[in-house]
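Before any comments, here is the structure.
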Amino acid sequence: MIIILLNLHNDKRSINCKNYTNSIQNIFLYEVFMEKVLTGRKENYSQWYNDLVIKAEMADNSVVRGCMVIKPYGFAIWEKMQAALDKMFKDTGHSNAYFPLLIPKSFFSREASHVAGFAKECAVVTHYRLKNDPSGKGIIVDPDAKLEEELIIRPTSETIIWNTYKNWIQSYRDLPILVNQWSNIVRWEMRTRLFLRTAEFLWQEGHTAHATKEEAFEETIKMINVYADFAENWLAIPVLRGIKTASERFAGALDTYCIEALMQDGKALQCGTSHFLGQNFAKAFDVKFTSKEGALDYVWATSWGVSTRLVGALIMAHGDDNGLILPPKLAPIQVVIVPIYKGSGQMQEVVDAGNKIKSKLTAMGVSVKFDDRDTSSPGFKFAEYELKGVPVRIAVGPRDIQNNTVEISRRDTLEKFVVSQDILVDEVLRLLLDIQTNIYKKAIKFREENTFKIDSYDEFKQLIEQKPGFYEAHWDGTPETEEKIKEETKATIRCLPFNSVDEPGKCMVTGKPSSQRVLIARAY
RNA sequence: CGGGGUGUAGCGUAGCCCGGUUAGCGCGCCACGUUCGGGACGUGGAGGUCGCCAGUUCAAAUCUGGCCACCCCGACCA
């Protein structure tokens, strides 16, 4: 009998087996069936991710290939990220501005490596008008409306910004310029995934101009540290800071710094980058300034950015088979209250109690949703908010009103307990803090358990298949060896981590001398 | 952009191989009633240009061609 049920369960057409399982009163299998809303992480991680993004109502695919619709719940998470980051940028002296979406094509050819890096994935605007198709079939591009100079939809804004900075900067007194912009950009990607890689995405890009190399360098490091701080204290995702190898460097940068995080499937995700641009863009756009001493010199530059990809990071770093697990600091809903009642007689009393709890928590700055919809059952709501990763759930029913209690459940551990309403607010505040640190600790533990020192290339080739994760290995510093590793193992050098100790060794591939271990992983 | 797969109601699908009634089923949705402490139940109901365009045929969800979209695997990337 059990075998039959399991088969039914695995069969996608098993819808009717609900009744069937009921009829033989097999409660256990019934529950297994009901929980089967998401694909399990172990079963198929990328399917789990795709399911979750859709089912938690974060985003949908658009009819336009590679583009996504960010739905209110997903966008609310992004807005919370924006608010936190924006404050951090302001606190470090930056101001927001906005530069245009469209960039003259010629701007891109000014900086040689920049154009080489982005040319392959640019959307181009060639015309400015449509007209009715003379053959009567819809609408066509008007061939008479061809642009003199074609425009590129920004894949990043260095060129348009440095062309503008030229007009802003004459003297050292005009420096530094510390500007950030929140915008969308388009990179015509071959293969896309919601939040992780889409043709259009939202991000912020900081663009700063400095009088000295030292100052620009300091800014580059400062901002990668801001990102690391944000990742760990807000996203609750531990990150490694480091410097990219030449081949992974931003097109047009002298150095690229990054934060790298480990996802639950053992793959690395680059979560933010900060570029030391040297004088490359100043030279390309002829941006010079007169120094205190009266000398004329090119301006020093940085740029740095994080994107809606961070929403994907959040999902993959913390989620479980029941759905999202959101860090309380970024959760659009921190606490959901679910009323439980029998019949309309009890309803009013319970709803009143729920509203009271809501206002008490709201007064303490907690974002609360009281879900008093009469159209779905408590059990349904429990599952729904677990899917959406709401950190704390409070259930109130007649029994609670009688005992002056509530039932609290925390999303990260799924533990449930009953507390007195007298200490409810304190308990919730404590829980929110605890969940924030707990999921961070859990992520650190996961990273520790999946970070390996490796010295043998043969061993590495096997292990990267069996136990994907972060690998620390010696590398001889040549692009040839880097390329070889990439080709043979699909893993890449993610970065040369800041925190790695000086440790003379031998390159695991060539045996040539190496001064430190680098971080190698398969990456998104 | 290369290899593979899939497209039938909002979602999941049967039917397609072998063309022929009114395209079947589950979830969801709507109405009413009973329910409500872990995804409730009953009764009734609505919902489909079978991805799009052409072709073959007396007749196309079904056969042929083209196109589009999505998924998986590669190359490229935040």
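Below, chain A is the first sequence line, B the second, and so on; all start at residue 1.
- Nucleotide U21(B) forms no Watson-Crick or G-U wobble pair with any nucleotide shown, as no partner meets the under 3.5 Å limit on both distances.
- Partner assigned to A9(B) is none, using Watson-Crick or G-U wobble distances below 3.5 angstrom.
- With C1' as the reference atom, G65(B) and C25(B) are 33 Å apart, rounded to whole Å.
- Side-chain N/O atoms of Glu200(A) and Asn184(A) include a donor and acceptor closer than 3.5 Å.
- A donor N or O paired with an acceptor N or O is found under 3.5 Å between the base of G38(B) and the side-chain atoms of Glu386(A).
- Contact check, Ser46(A) against C72(B): a side-chain N or O comes under 4.0 Å of OP1 or OP2.
- For Glu121(A), the side-chain atoms get nearest to C77(B) when compared with the rest of C36(B), C77(B), G37(B).
- When the C1' atom of C11(B) is taken as reference, atom CG of Leu38(A) falls 14 Å away, rounded to whole Å.
- Within the nucleic acid shown, Lys490(A) comes within 4.0 Å of sugar-phosphate atoms alone, with no base atom in reach, counting heavy atoms only.
- When heavy atoms are screened at a 4.0 angstrom cut-off, Gly343(A) is found touching base atoms of the nucleic acid.
- Side-chain N/O atoms of Tyr49(A) and Asp265(A) include no donor and acceptor closer than 3.5 Å.
- Side-chain nitrogen and oxygen atoms of Asn50(A) include at least one within less than 4.0 Å of the OP1 or OP2 phosphate oxygen of C72(B).
- With a 3.5 Å ceiling on both atom-pair distances, G47(B) lacks any Watson-Crick or G-U wobble partner.
- Pairing partner, A54(B): U64(B), with both Watson-Crick or wobble hydrogen-bond distances short of 3.5 Å.
- Within the 4.0 angstrom heavy-atom criterion, only backbone atoms of the sugar-phosphate kind lie near Gln270(A); the bases stay farther away.
- Residue Thr273(A) is out of contact with every strand shown, counting any heavy-atom pair closer than 4.0 Å.
- Residue contacts shown for Leu196(A) include a base, since a base heavy atom lies under 4.0 Å away.
- Closest to the side chain of Thr198(A), from the set G37(B), A78(B), C77(B), is A78(B).
- Pair assignment for G37(B): none, as no Watson-Crick or G-U wobble contacts are both less than 3.5 Å.
- Comparing the same atom, P, in U8(B) and in C1(B) gives a spacing of 24 Å after rounding to whole Å.
- Nearest heavy-atom pair, Leu178(A) versus Glu219(A), reported as atom, atom and distance to 0.1 Å: CD2-OE1, 4.0 Å.
- Across the P atoms, U62(B) and U21(B) are found 14 Å apart, a figure rounded to whole Å.
- Using atom P as the reference point in both A75(B) and G38(B), the two lie 49 Å apart (nearest Å).
- Across all strands, Arg373(A) comes closer than 4.0 Å to no nucleic acid atom at all (heavy-atom distances).
- Within 3.5 Å, no donor on the side chain of Lys416(A) pairs with an acceptor on the base of G37(B), nor the reverse.
- The shortest distance between the side-chain N/O atoms of Asn61(A) and the OP1/OP2 oxygens of C71(B) is below 4.0 Å.
- Straight-line distance between the P atoms of A61(B) and A23(B): roughly 10 Å, to the nearest whole Å.
- Within the 4.0 angstrom heavy-atom criterion, no nucleotide atom of any strand lies near Phe250(A).
- Residue-level contact check: Gly312(A) touches neither bases nor backbone, having no heavy atom under 4.0 Å from any strand.
- For Arg309(A), the side-chain atoms get nearest to A78(B) when compared with the rest of A78(B), C36(B), G39(B).
- The shortest distance between the side-chain N/O atoms of Ser377(A) and the OP1/OP2 oxygens of A40(B) is below 4.0 Å.
- For the pair Lys388(A) and Tyr73(A), the distance from NZ or CZ to the six-membered ring centre is under 6.0 Å and the angle to the ring normal is within 45 degrees.
- For the C1' atoms, the distance linking G7(B) with G51(B) amounts to 6 Å, nearest Å.
- With respect to Phe370(A), the side-chain contact (heavy atoms from CB on, under 4.5 Å) criterion is satisfied by exactly one of Val338(A), Ile394(A), Ile337(A): Ile337(A).
- Counting non-hydrogen atoms under 4.0 angstrom, Pro339(A) reaches nothing in the nucleic acid.
- Considering Arg309(A), Arg187(A), Glu189(A) in turn, Arg187(A) is the only one that fulfils the side-chain contact (heavy atoms from CB on, under 4.5 Å) rule with Phe201(A).
- Counting any heavy atom pair closer than 4.0 Å across all strands shown, Gln346(A) reaches no nucleic acid atom.
- For Arg522(A) and C73(B), the CZ to C1' distance is 13 Å, given to the nearest whole Å.
- If you run side-chain contact (heavy atoms from CB on, under 4.5 Å) between Thr159(A) and each of Phe99(A), Phe118(A), Phe108(A), only Phe108(A) comes through.
- G42(B) and C32(B) make up a base pair, with Watson-Crick or G-U wobble contacts both under 3.5 Å.
- Listed nucleotides: G37(B), A78(B), G38(B). Nearest to the side chain of Glu189(A): A78(B).
- Positionally, the nearest nucleotide of RNA chain B for Lys342(A) lies more toward the 5' end than for the other of Lys342(A) and Trp203(A).
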